[in-house]
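Please read the structure below before turning to the comments.
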Amino acid sequence: MKNFALPRSPKVIAGMVILGIFLLLMVIGPFIEPYNPSSPLFLQNLPPSSAHWLGTTELGQDIFSQLLDGARATMVVGLVAGLVATVLSIVVGVSAGYLGGKTDEALSLTSNVFLSLPGLPLLIVIDSYLPVSKRSNPLVIGGVIALTGWAWGARVLRAQTLSLRNRDFVEASRIVGEKRWRIMAVEIAPNLLPILASSLLFTVLYSVGAYTSLAYLGLTNTSVWNWGTMMYWAQANNALLANQWYWFVPPGICIALVGTSLALLNFGIDEFINPRLRAAGVRVRGPKSARVSRPRLGMTPVLRDTSGVSS
Amino acid sequence: MSDAPLLEARGLTKEFLVKPQGSTFARRRPFRAVEDVSVQLREGRVTAVVGESGSGKSVLARMLARTVSPSAGELLVGGKVIDPHQRRDLTYTATVQLVLQDPFASINPVHPIRHVLERPLIIHGTASREVPALSKELLERVALTPGESFLDRYPHELSGGQLQRVSIARALSVRPKVLLADEPISMLDVSVRLGVLNLLRDLCDREHLAILYITHDIASARYIADEVLVMYAGQVVEVAEGTDVVDHPRHPYTQLLVSSVPDPGHQDRVRIQAPSATAFPEEGCRFAPRCPLADDRCRRQVPELVEIGTGHRVRCWRVEEASVLFSSRNSQKGGGEIT
Amino acid sequence: MSESILRVENFSVDYGVGDRAVRAVHDVTFSLGRSEVLGIAGESGSGKSTLVYGLTRLLRAPGVIRSGSASLTIGEEGQRREIDLLSADERELRALRWRHISVVLQSALSALNPVRRIGKEFDEVLRYHGQGTSRAERRARAEELLAMVGLKSDRLDRFPHELSGGQRQRVMIALALALSPDLVIMDEPTTALDVVTQREIIDELRELRERLGFAMIFITHDLSLLVELAEQIMVMYAGRVVERADSSDLYAIPRHPYTVGLMNSFPPLSGEIVPMSGIPGSPPSLASLPTGCAFHPRCPLASEECSLSSPPLVVEGSRSLACFHSSPSVRERLEIRS
């Protein structure tokens, strides 16, 4: 539908590259791990070496394999929860904003309730009610996380929808006889893409954080490897006191990197998706020699160099 | 073929509840945005409604399009009264269409032009295989040729004038009998305006539509319209055929309007002066606070719309004095219009 | 003829630098007399706003002035000083602004701070420029200024949203005249107003000019308004001046086909109804101008040379014209009724 141009900003490219690496790990991680992450076959508490790039745990497991294996669960849950939450927020937010009246009141009340519930404690409570077998399923955990993460996006989308529904082109669609649900889905929703994309990125970030937190607290099935569980074991075995930085720092860095890449991507979202912004981009970019430093308002710069200007 | 107008409004009134300005706790009072307006839209004729912002002209258009429901009065299509409780349906949509003021805002920026024309065609029953050809034809009817080249473009690639033509094409796609145009050219570049205006007139003549042209620019109304209604503060104050309203204005407000338009060819025209409007009066003629001729009766009683010549109606108690005043001022220098 | 207050030569402004730069104002030359009104007419993309904001160095990034000179002559008779607007530093510009040049913006309706009362705006402006040593003095001056534009002094205690569009515009004009500047620049001040209010404001401006004697640059797309208001009119298209003349001359004998077309875009208030066509096509985007004369795709007189090179601006006395086909009979050739 739209022709995508490659983004130019270095921030966005960095974000894409980093996220790309982790997505790749999500897929191939378990296949490239040197050893089985759960098997306690090796000497315990080994520091990093050529055989064990990140050393071994208290139980003698290879940490690097755990890291690679853990990428999958962490990323999958993050993505699934992010997607489910975003879909929920679109449906609730756009409906509330466009339909108004009692529907809006009911939906807004619901999202306000979910917003005011504290996320992590709620997760813990819900999680404790889950049968243990289900706790091992990342998708179920993902769904639960999504339940606590959709409300904020719904509010934002509702506000955007409210401002869009009074626009002329929405009125024009109504005048021409378009049905309500089609207006919401086809006319209004595409205009929400920049906000949606932003919301998705942040919800994924939130989900990764929530899942990792749950795992760190030991509330997920510890037989499924993820970065949070790694840190759970590290903490349980006093890795900090023993100065075993190679056990808990790498998973922490990975989480931080994923978060950073999502935030970097957010910078480029607007320009990337909106065709009009892309086409209208007249930026002060050029050879460094001609570059003007950011001018102050009220002091329009005078640059009498006549080279490189189209006449 | 029946002689009934394609669309008729009788005594349309729209009241809004508003808080009086400046007070937080006063009760909301009814504000009449449109009061007792009647208009007939006939086949092959352009009817213009001239008024400033706040005159109620846009609310009138929305009532005719049935996106706003009137507080009083009735609407007739082809001579038959419409039941106000019945919602606007596809039949009405296919009969009466609306073109809005801002071409950049009336077209969704995320879809190509193809989508803009496709949707109304499909909603109103065109088979999907016929849609591309019909879309192309619609674009060519509004002088966007070659049609195909526009279909895949996005709104931001087109100019204001072109977008407005697309808006008109969209309205035409449902084959309406009545086209309502709410200030269709005021946001366009000056050199482009007449092209779109001529298009509207052309469509009216060629395709026997009834067109309602709403504007604040009385000169363009004179240029294109068969009949002109002048609105002030929600009421129709003068109705006349074609050029009569500008050449022989009878209501003091119309005279004020006409004399305020920049007219370099007649700079020595004497100007009618009137103080600025503040709030509209609760009783009596709405224009009385600004009118140089207002007397006690004007301030107490709302004048009726009275016929004073063929097809020329005025809502003014002192219409005779107004006519004399205006014509005498204009005959003071050579070349003025004598009534 | 009065001496000039503003002299501009070969003035050019770009948006952006490097090979993605777009020329918004190209080689503009004009001069303005001490009490003269210059009207600048043009449509979107003509560069008329960019021109005046560039001259006053108020243009926002990525606007860059690329060439030319602009000098403002201020001071009392006998003690005139010429200021080079383009090489002035921040201190000099600040001394100039509002005291010698003031600007009434297009979006005056949103230029007033909505949470500030009108009186406060006046107080700030007067205080910042050292006028009036006490609040009472400044209030008195504000009342004087409001009276000058026909507003009652109770408006000072109101918020902007409590005033009508016309009243807000009058407030902007009063603010612009607060320090009795030599030059007032008005960017489409009446475009958003209804025709009756526009008439009132124009009449008021005329009166004020007669009383205070300031020069004015008035920008609008409404050419017929300029014929009434301005002594000199400059018509711009796609960043260039296409024609400049005394307003009565321009109205009587417009020589550039664009000027003729523009005049032909306003239906008259009297006379027989004759089909008028405006100008076919639409103003070009500055990023993708046609080759040669920017107007040639829409011009009924265009010939081959028009598509090859851009006609230079030829100055003959008080008239300037940029067209290969200039001649008094242009009007006849385009069959315009006069």
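Numbered from 1 within each chain, the chains take letters A, B, ... in sequence-line order. Only this structure's heavy atoms are used, side chains among them; waters, hydrogens and symmetry mates stay out.
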Closest contact, heavy atoms only, A:V176 versus B:H124 = O-NE2, 3.0 Å
Search all heavy atoms of B:T93 against all heavy atoms of A:G177 and return the closest pair with its distance.
-> CG2-N, 3.8 Å
With sequence neighbours left out, which residue pairs that include part of residues 110-122 of chain B fulfil the salt bridge (Lys or Arg N to Asp or Glu O under 4.0 Å) condition?
-> A:E178-B:R119, B:R114-B:D152
In Å and rounded to the nearest 0.5 Å, what is the CG to CG distance from A:D168 to B:N108?
-> 11.5 Å
Given that the side chain runs from C-beta out, which part of B:L100 has a heavy atom under 4.5 Å from chain A: side chain, backbone, both or neither?
-> side chain
Of all heavy-atom pairs linking B:P109 and A:F169, the shortest is CD-CE2, 4.0 Å
Which region of A:R182, side chain (C-beta onward) or backbone (N, CA, C, O), has a non-hydrogen atom less than 4.5 Å from a non-hydrogen atom of chain B, or is it both or neither?
-> side chain
First locate atom OG of A:S173, then atom CD1 of B:I123, and finally report the distance between them rounded to the nearest 0.5 Å.
-> 7.5 Å
Exam field: side chain B:H111 to backbone A:P190, donor-acceptor pair closer than 3.5 Å = no
Mark yes when over 12 heavy atoms from residues, nucleotides or ligands other than A:R165 sit less than 6.0 Å from its CZ; otherwise mark no.
-> yes
B:R153 atom CZ, neighbour heavy-atom count above 12 within 6.0 Å = yes
Of all heavy-atom pairs between B:S106 and A:A172, which one has the smallest distance, and what is that distance?
-> O-CB, 3.9 Å
Verdict with reasoning, A:R174 to B:T67, per side chain to side chain contact (heavy atoms under 4.5 Å, CB included) | CA-CA 9 Å; A:R174 262 188 251 131; B:T67 53; 5.9 Å; no
Of all the heavy-atom pairs spanning B:R88 and A:I175, show the shortest one and how long it is.
-> NH1-O, 3.4 Å
Is the number of heavy atoms from other residues, nucleotides or ligands within 6.0 Å of CZ (B:R206) greater than 12?
-> yes
Counting only heavy atoms closer than 4.5 Å, note whether A:V186 contacts chain B via side chain, backbone, both or neither.
-> both
For chain A, which of B:Q101, B:H115, B:E157, B:R66 has the most heavy-atom pairs under 4.5 Å?
-> B:H115
